[in-house]
Number of protein chains: 2
Amino acid sequence: MEKQQYLTKNQQIVLDLVEKSSEPLKAYSILFNVQKKGLKAPLQVYRALDKLVEIGKIHKIESRNAFVACKNSSCQVSKATAFSICESCEKVTEINNSKLSKYLTNFEDNSGMKYNKYNLEFFGLCKKCKNK
Amino acid sequence: MEKQQYLTKNQQIVLDLVEKSSEPLKAYSILFNVQKKGLKAPLQVYRALDKLVEIGKIHKIESRNAFVACKNSSCQVSKATAFSICESCEKVTEINNSKLSKYLTNFEDNSGMKYNKYNLEFFGLCKKCKNK
DNA sequence: AACAGTGTGTAATAATATAACAAATAACAA
DNA sequence: TTGTTATTTGTTATATTATTACACACTGTT
């Protein structure tokens, strides 16, 4: 049996909100939106976010300080993440490409480091914004 | 002739500091260290950092909110960056691997997006920390 | 000189994130 | 059941990271 099979109340509230969102959410925007549900302080949100990231239910878009729900159902942990980010409309999509993930998971250089995790962010213009 | 051939005084002061450092520097640590040189306010540091990042002299380690000098002499702009980060000692190294950069620069998926930039961060344990 | 573009200095403030502590709850063995 | 440990919660305060706004100065044009 895995540990942390069920989410706590606060974690579930935060996850529900992030999952319903079509765009990355910032921590304080989450806070504002869950205040009616009883989460009053930043720390309550950050603690829930930390846990959700740890177990792979959500990912942090580092370049944007924002959070998105994991769209990859097989993703139990956030060990190998890749995103595309439109620099115009800020749309973020999780990239699910097995070739890419295989390539990066197996990547080795001569540094002697053993990599167990990576995060990749691609930037560009999405289809819509390209045609403007 | 390229534009912005020379750095301004503030930019040079910040760049010198970052280049001398053996580890990523945080913005406010930079501020503290350049106050004797006359840069008194955060904004002076952030403006210099923004410009230096833009022209590729330094890179931002997004997951750490810290800055490192570019070690790749041919790197004029920060369009394609990859780093290895030790999760124990926080040592950060810029990865300079032509196969990797070629693979990522040419990466395409079926999203219709045209990528013009990426940032990749690998995490793990460095040689030293692995053997502890 | 007038201008445009860029950089500067300064103060104030916004946005993001964590520390510290006490209390409540869950997990589970003695 | 009790004791023990770990986790989660609630709360206040504070630390850290980053930007807005505005007046002015410098540089290179036209």
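In what follows, every chain begins at residue 1, and chains take the letters A, B, ... in the order their sequences are listed.
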**Prompt:** Given that both distances must come in under 3.5 Å, which nucleotide forms a Watson-Crick or G-U wobble pair with C:dA30?
**Reply:** D:dT1

Rounded to whole Å, how long is the line connecting atom [atom1] of [X] with atom [atom2] of [N]?
| X | N | atom1 | atom2 | value |
| --- | --- | --- | --- | --- |
| B:Y6 | D:dC26 | OH | C1' | 17 Å |
| A:N10 | D:dT7 | CG | P | 17 Å |
| A:Q12 | D:dT9 | CD | C1' | 17 Å |
| B:Q11 | C:dG7 | CD | P | 6 Å |
| B:R47 | C:dT6 | CZ | C1' | 11 Å |
| A:E62 | C:dA17 | CD | P | 9 Å |
| A:L25 | C:dA15 | CG | C1' | 15 Å |
| A:L31 | C:dT18 | CG | C1' | 15 Å |

**Message:** Go nucleotide by nucleotide along DNA chain C from the 5' end; which of B:G38 and A:L43 gets its closest nucleotide reached first?
**Reply:** B:G38

**Fill in**
With the side chain defined as heavy atoms from C-beta on, B:P42 is closest, among D:dA18, D:dT9, D:dA21, to D:dA18

**Message:** Which nucleotide wins on minimum distance to the side chain of B:Y46, given the candidates C:dG9, D:dT19, D:dT8?
**Reply:** D:dT19

**Item:** Any donor-acceptor N/O pair, B:K130 side chain to A:G112 backbone, under 3.5 Å
**Value:** yes

**Request:** For the pair A:T105 (side chain) and A:S101 (backbone), establish whether a donor and an acceptor sit closer than 3.5 Å, ignoring hydrogens and angles.
**Result:** yes

**Message:** Going by salt bridge (Lys or Arg N to Asp or Glu O under 4.0 Å), name the pairs with one or both residues in residues 116-126 of chain B, residues two or more places apart or in two chains.
**Reply:** A:E87-B:K117

So does [X] get a side-chain nitrogen or oxygen closer than 4.0 Å to the phosphate oxygens (OP1/OP2) of [N]?
| X | N | value |
| --- | --- | --- |
| A:K40 | D:dT11 | yes |
| B:K9 | C:dT8 | no |
| A:T8 | D:dT9 | yes |
| A:Q44 | D:dG10 | yes |
| B:N65 | C:dA17 | no |
| B:K60 | D:dA18 | yes |

**Prompt:** Counting only distance, no hydrogens or angles, is the base of D:dA15 paired donor-acceptor with the side chain of B:Y28 under 3.5 Å?
**Reply:** no

**Message:** Between B:T8 and B:N10, is there a side-chain donor-acceptor contact under 3.5 Å, judged purely by atom types and distance?
**Reply:** no

**Asked** Hey, are the side chains of B:I95 and A:F107 touching, using non-hydrogen atoms and a 4.5 Å cut-off?
**Response** yes

